[in-house]
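Read the structure below first, then the notes.
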Amino acid sequence: MSDFSNVGLLPQLVTQVNNLGYEQATPIQLAAIPVILSGKDIMAGAQTGTGKTAAFGLPIIQFCLQTPLSDNAKTHSNTVRALILTPTRELAQQVHRNIEQYANETSLNIQIAYGGVSLTPQIAKLRKGADILIATPGRLIDLMYKKVIHLGHLTHLVFDEADRMLDMGFIDDIKRILKQLPTTRQTMMFSATFDDAIFKLSKQLLVEPELIEVDARNTAAQTVEQVIYNVDADRKRELVSHLIGAKNWQQVLIFVRTKQGADELAKEMCKDGVNAKAIHGDKSQGRRESTLADFKVGKVRALVATDVAARGLDIQDLQYVINYELPHIAEDYIHRIGRTGRAGNQGMALSLMSEEENWLLEEIEVLLDSRIPQQWLPGYEPDLTKARTTSRKNTKTAQARRAKQRGRGRR
Ligand code: AMP
């Protein structure tokens, strides 16, 4: 790490980040800021929690401060200069919060737009356009078609967590948005993981991009210690409450695969005396925000989340992530454990794995290209007689699944 004064930022922005307590630039900031300032397109592989928001946010702010709006752009009072697209509203809010902090001492107009809430207040706020707009694709399209905003003079476009955007099926929305944008612009793609779909998208979007990779591809943050506990599926709930209680963990994010599973687990944990709440896509925006706020201040000890709901959560100093179930998409494992060990802090990611989930672990380990240590916890050892029968069945299922995947190519 090195300080922010060597990356080409205006002194006022260096002072601003220093005031926020950022003493040293993170590797992605060191690598990306000079390239973005030079005007080049970039494709960046950065884990969540590496400081990527400042990596793209600061150069965009600097551009807006240094470059007056063109006369053509001025003819549209609702012009948007820079657009940051995020897959989820939580991530949009987090990016918005950060960018506002970075631009705090400036008069730049920073706006946000996401779905699930009334359109009217967002329309009112966007009447004068925005220097920087952070938006989720669906809501942006609503605003675009209603001609609330003018994107014809956009200069900067960022795709944040591009891999998740594709996973969530936003490709058609993205194409619709691109049609409204000028072809001459600076485009930046950030993604925690790379695969063929991402490369294909990058070919359509980016012009001679510089590839910036600070971590080896598809690797989990080095600051997160990972461990797997082998346990029978029907004893997981008991084990999770035991771990939290016995180790006196005060703030734990727990991942499950389904919304219903999240609700059930939170309810059961409350019965075990652990104050837990669920967060997922069926909860209203207001409920999600208040639950998250309670978790952040320690009123809720365990937050049980689905992958989509947890995307973009930035909880400073979160130390523990528990995978109650391994994810079906191996890349989600990286996103999940990236909620901890942020900005250089240490974190711990525990996965509770039953015999039926062995094949999921195999896929994760292939993606990580490393093995995760496995342990049995005294008192929670898996029942091997039970495991062997299911194991044979699941090996067959896993083999069939892999054959199918090979057939259609991964994704
Ligand atoms: P991000 O990857 O952008 O979500 O950032 C993760 C967290 O790191 C956020 O809470 C940021 O406020 C924080 N952060 C970003 N850059 C730095 C830095 N250079 N030094 C310390 N913290 C940082």
Side-chain angles (χ1 to χ4, degrees), residues 1-34 36-37 42 44-62 82 84-104 110 112 132 134 136 158-165 188-193 212-215 219-224 251 253 292-293 295-297 310-319 321 334-347 349:
M1 297 231 233
S2 153
D3 68 44
F4 277 95
S5 45
N6 302 321
V7 290
L9 288 173
L10 291 168
Q12 74 177 98
L13 293 177
V14 176
T15 309
Q16 183 58 15
V17 286
N18 289 343
N19 288 344
L20 290 171
Y22 301 3
E23 286 164 16
Q24 311 259 282
T26 64
I28 184 74
Q29 291 161 357
L30 282 178
I33 291 174
I36 301 175
L37 286 173
I42 65 160
Q47 294 292 120
T48 183
T50 51
K52 62 188 165 61
T53 314
F56 62 74
L58 292 168
I60 292 177
I61 292 169
Q62 178 148 328
I84 300 165
L85 283 173
T86 70
T88 63
R89 43 193 169 188
E90 280 79 12
L91 183 62
Q93 286 169 326
Q94 181 195 316
V95 170
H96 180 241
R97 244 187 336 266
N98 284 345
I99 304 265
E100 277 204 317
Q101 285 178 330
Y102 306 146
N104 189 29
I110 322 273
I112 179 167
I132 303 175
I134 299 104
T136 51
V158 178
F159 286 88
D160 198 3
E161 302 199 346
D163 48 350
R164 176 48 58 125
M165 261 190 240
M188 291 153 257
M189 244 176 94
F190 285 77
S191 188
T193 56
I212 297 176
E213 278 185 288
V214 288
D215 289 318
T219 58
Q222 299 297 312
T223 48
V224 182
Q251 201 182 38
L253 178 60
L292 188 59
F295 182 62
K296 282 186 174 171
V297 298
R311 189 73 178 190
L313 290 189
D314 182 24
I315 300 143
Q316 214 116 38
D317 303 328
L318 178 72
Q319 269 181 299
V321 165
I334 296 176
H335 293 304
R336 287 178 174 193
I337 73 168
R339 303 291 120 211
T340 175
R342 289 166 86 82
N345 293 324
Q346 287 299 311

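Just so you know, ligand 1 is whichever comes first in the structure, and atom 1 is the first atom listed for that ligand. Residue numbers run from 1 in the order of the sequence given. The basis for the numbers below is simple: all heavy atoms, side chains too, and nothing from hydrogens, waters or symmetry mates.
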Ligand 1 atoms nearer than 4.0 angstrom to some heavy atom of F4 are 19 (N)
Residue set satisfying ring pair (Phe, Tyr, Trp, His ring centres under 6.0 Å) with F295, at least two apart, ordered chain then number -> none
If I apply the N/O under 3.5 Å rule, does Y102 come out as touching ligand 1? no
Is there a side-chain contact between L30 and T26 (heavy atoms, below 4.5 Å)?
no
Exercise. Taking the side chain as every heavy atom from C-beta outward, state whether F56 and D160 have any pair of such atoms under 4.5 Å apart.
Key: yes
* To do: Please test Q29 against F4 for side-chain contact (heavy atoms from CB on, under 4.5 Å), starting from the C-alpha separation and ending with a verdict.
  => CA-CA 9 Å; Q29 291 161 357; F4 277 95; 3.2 Å; yes
Numbered in order shown, the ligand 1 atoms found under 4.0 Å of a heavy atom of T53 are 1 (P), 3 (O), 4 (O)
- Task: Please determine if N98 has a nitrogen or oxygen closer than 3.5 Å to a nitrogen or oxygen of ligand 1.
- Result: no
Checklist entry - Can you find an N or O of E23 that's nearer than 3.5 Å to an N or O of ligand 1? => result no
Checking heavy-atom distances from atom 5 (O) of ligand 1 to each of A192, G51, G57, the winner is G51
field: N/O separation below 3.5 Å, G21 to ligand 1
entry: no
Would you say that Q16 contacts Q12 through its side chain, given a criterion of any heavy-atom pair below 4.5 Å between the two side chains? no
Ligand 1 atoms nearer than 4.0 angstrom to some heavy atom of Q24 are 18 (C), 19 (N), 20 (N)
Sequence neighbours excluded, the answer for side-chain contact (heavy atoms from CB on, under 4.5 Å) partners of A82 is I60, I132, H156
